[in-house]
Amino acid sequence: MTDHRSASDPHAADRPSEDTLGRVPEWLRQPAPEVEPGRGDRLRIALGGHSGKLLGGVVVLALLAFFGLVGGLGYQGFQRWREPPAEHPTVSLPVGEQASSSASPPPAAGPFDGTPAAGFPEGTAGIALPRAKRTGAFSEKQVADALAKVRKALITARLDRTFFTAKDPERLVRQFAPDARAGVRDDFPTGEAGTYATRLAPGARLADDEPRVKGRISYRATKDRDGIRILEVTTNFVWAYAFSTARPAPGAGVVVVHDTVKWSVPHPADVTTASAGLWIERADSYASNIDCAALDKGLLALGRPSFAGPADPDPDAVFDPDKTVDLPDTC
């Protein structure tokens with residue numbers, strides 16, 4: 001099954017534009033065989049993109065949103081754009097200071113056994129910040145403060161179980177610049193927030209195991225097209241979640257989300273007080289072993305075994321933050 005969804009046009013500060021949805025035909029499915037599916041058979045994938053841009057003057061939020069969802073099969077799966085993207089941020093290291101996850105992983109045990117995530121650090125230990133130093137017009141303290149804001153947002157968006165099931169997304173929304181909050185808030189009912197935030201579908205239940213995390217953070221000083229000085233922070237992480245499941249196959253209960261997010265903090269001298277703080281410039285992601293119908297709503301749930309779609313060329317690719325986001329569909 002392929003379910004591709006896109007939303008174009010920015011969320012203007014005064015009035016959000018309407019989303020444009022596109023649907024493509026479903027693939028035919030084959031009846032499930034009697035044998036237990038192998039790793040290459042258990043594939044289910046979804047992709048998404050979301051972007052925003054700081055605009056000049058008093059700075060208003062224009063989140064140039066793009067969110068695609070593609071459904072597929074079992075424990076692993078892959079994402080790609082309907083057309084090749086102009087850049088592959090997970091292939092080359094971004095320019096600027098950076099840090100990678102470096103904590104020693106715990107001994108492999110439980111639901112992550114048999115998957116690359118067994119060797120990933122647990123939870124917040126996988127989010128390492130690069131050393132803050134004066135960069136462009138930003139002082140060392142300003143850089144450190146910006147990095148701290150990004151790390152806090154990452155922890156809330158991808159690791160905070162209270163946030164995963166909260167009725168509203170305000171635990172995350174209030175961490176953004178006041179002018180950015182309406183646009184971020186609007187991403188949740190449309191499902192676009194799934195590219196940078198985890199929300200559980202009704203009835204979905206995580207295991208007690210901490211998510212496993214692997215990735216890196218980099219930053220640089222730059223300017224937007226209107227000349228506003230910004231500190232751009234790029235995060236590139238793989239998040240592996242253990243869901244409760246009765247399936248015994250290795251990794252059967254593991255859902256993987258790989259996202260690349262460009263955050264920005266404008267220089268306070270260039271914007272109004274209401275625009276100072278954290279913004280999202282762009283977010284791209286894919287997810288594997290998911291319930292496609294739930295992810296279409298921006299929600300995460302464990303997928304069911306399925307047997308349609310092309311063969312998986314590299315079952316472990318979804319666990320690698322250095323792999324390109326342009327991978328074959330498995331739907």
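Any value given below was found using the heavy atoms of this structure, including those in side chains, with hydrogens, waters and symmetry copies removed.
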- Message: Pair R199, F163 - check side-chain contact (heavy atoms from CB on, under 4.5 Å), show working.
- Response: CA-CA 7 Å; R199 303 277 278 175; F163 170 75; 3.9 Å; yes
- Show your working on side-chain contact (heavy atoms from CB on, under 4.5 Å) between L300 and V255 and close with a plain yes or no. CA-CA 8 Å; L300 211 61; V255 168; 4.0 Å; yes
- Message: Under the criterion side-chain contact (heavy atoms from CB on, under 4.5 Å), I'd like the reasoning laid out for V257 against V238: C-alpha separation, chi angles, the key distance, then a yes or no.
- Response: CA-CA 6 Å; V257 177; V238 169; over 6 Å; no
- Task: Check the pair K149, Q175 against side-chain contact (heavy atoms from CB on, under 4.5 Å), reporting the backbone distance first and the verdict last.
- Result: CA-CA 8 Å; K149 285 182 172 67; Q175 297 181 37; over 6 Å; no
- Show the numbers, then the answer: is there a side chain to side chain donor-acceptor pair (under 3.5 Å) between D284 and T260? CA-CA 5 Å; D284 300 294; T260 301; over 6 Å; no
- Query: Run the salt bridge (Lys or Arg N to Asp or Glu O under 4.0 Å) check on R220 and E232 step by step: do they pass?
  - Reply: CA-CA 5 Å; R220 64 171 184 159; E232 181 183 86; 2.9 Å; yes
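With a 6.0 Å radius and a threshold of 12 heavy atoms from other residues, nucleotides or ligands, D168 has its CG atom above the threshold. Taking a 6.0 Å sphere around CZ of R161, one finds it holds more than 12 heavy atoms contributed by other residues, nucleotides or ligands.
Between the T198 side chain and the G194 main chain, no donor and acceptor come within less than 3.5 Å of each other. No donor-acceptor distance shorter than 3.5 angstrom exists from the side chain of D226 to the backbone of I228, with no hydrogens or angles considered. Remark: the backbone N or O of F112 is paired with a side-chain donor or acceptor of T115 at under 3.5 angstrom. Side chain of E192 to main chain of F188: no donor-acceptor pair is present (N/O by atom type, distance under 3.5 Å, no hydrogens or angles). A donor-acceptor pair under 3.5 Å links the side-chain atoms of R181 to the main chain of R174, judged by distance alone. A donor-acceptor pair is defined here as one N or O able to donate and one able to accept, closer than 3.5 Å; such a pair exists between the side chain of T135 and the backbone of K133. Between the side chain of R151 and the main chain of I127, a donor-acceptor pair closer than 3.5 Å is present. D270 places a side-chain N or O within 3.5 Å of a backbone atom of R229 that can act as its donor or acceptor partner. When atom types are taken as modelled, the side chain of N236 and the backbone of P321 share a donor-acceptor pair closer than 3.5 angstrom. Looking only at distances, no side-chain donor or acceptor of D316 sits under 3.5 Å from a matching main-chain atom of P116.
In the model, E281 has a side-chain atom that pairs as donor or acceptor with a side-chain atom of S264 under 3.5 Å. No side-chain donor-acceptor contact under 3.5 Å links D320 and H258. With 3.5 Å as the limit, one finds a donor-acceptor pair spanning the side chains of T235 and W263. No side-chain donor from either of Y286 and D259 sits under 3.5 Å from a side-chain acceptor of the other.
Residue A240 comes nearest to A117 through the heavy atom pair CB-CB, 3.7 Å, listed as atom of the first residue, atom of the second, then distance. Between A128 and I217, the shortest heavy-atom distance links the atoms O-CD1, 3.7 Å. Taking all atoms of both residues into account, the shortest heavy-atom contact from V265 to A146 is CG2-CB, 3.8 Å. The two residues P202 and L299 have their closest heavy-atom pair at CD-CD1, 4.0 Å. Here the closest heavy-atom approach between residue V254 and residue P111 is recorded as CG2-O, 3.4 Å. Taking every heavy atom of both residues into account, R158 and F164 meet most closely at O-CZ, 3.1 Å.
Contact of the P121 side chain with the V213 side chain is not registered, since no non-hydrogen atoms from C-beta on lie closer than 4.5 Å. Counting only heavy atoms from C-beta outward, the side chains of T272 and D179 approach each other to under 4.5 Å. For the pair F138 and D145, the minimum side-chain heavy-atom distance is 4.5 Å or more. The shortest distance between side-chain heavy atoms of S285 and Y196 does not fall below 4.5 Å. No side-chain heavy atom of V261 sits less than 4.5 Å from a side-chain heavy atom of T234. Using a 4.5 Å heavy-atom threshold, the side chains of L159 and T124 count as touching. No side-chain heavy atom of Q142 sits under 4.5 Å from any side-chain heavy atom of R134. Under the 4.5 Å side-chain criterion, counting only non-hydrogen atoms from C-beta, D291 is not in contact with L302.
Note that NZ of K214 and CZ of F120 are 5.0 Å apart. Values are rounded to the nearest 0.5 Å. Here the CG atom belonging to D160 is positioned 9.5 Å from the CG atom belonging to L172, to the nearest 0.5 angstrom. Atom OG1 of T222 and atom NZ of K262 lie 9.5 Å apart (nearest 0.5 Å). In this structure, the separation between CG on D208 and OG on S244 is 7.5 Å, given to the nearest 0.5 Å.
The existence of a salt bridge linking R185 and E170 is confirmed by a sub-4.0 Å separation between a basic side-chain nitrogen and an acidic carboxylate oxygen.
Ring-plane geometry between W239 and F237 is classed as tilted, the angle between the planes lying from 30 to 60 degrees on a 0 to 90 degree scale.
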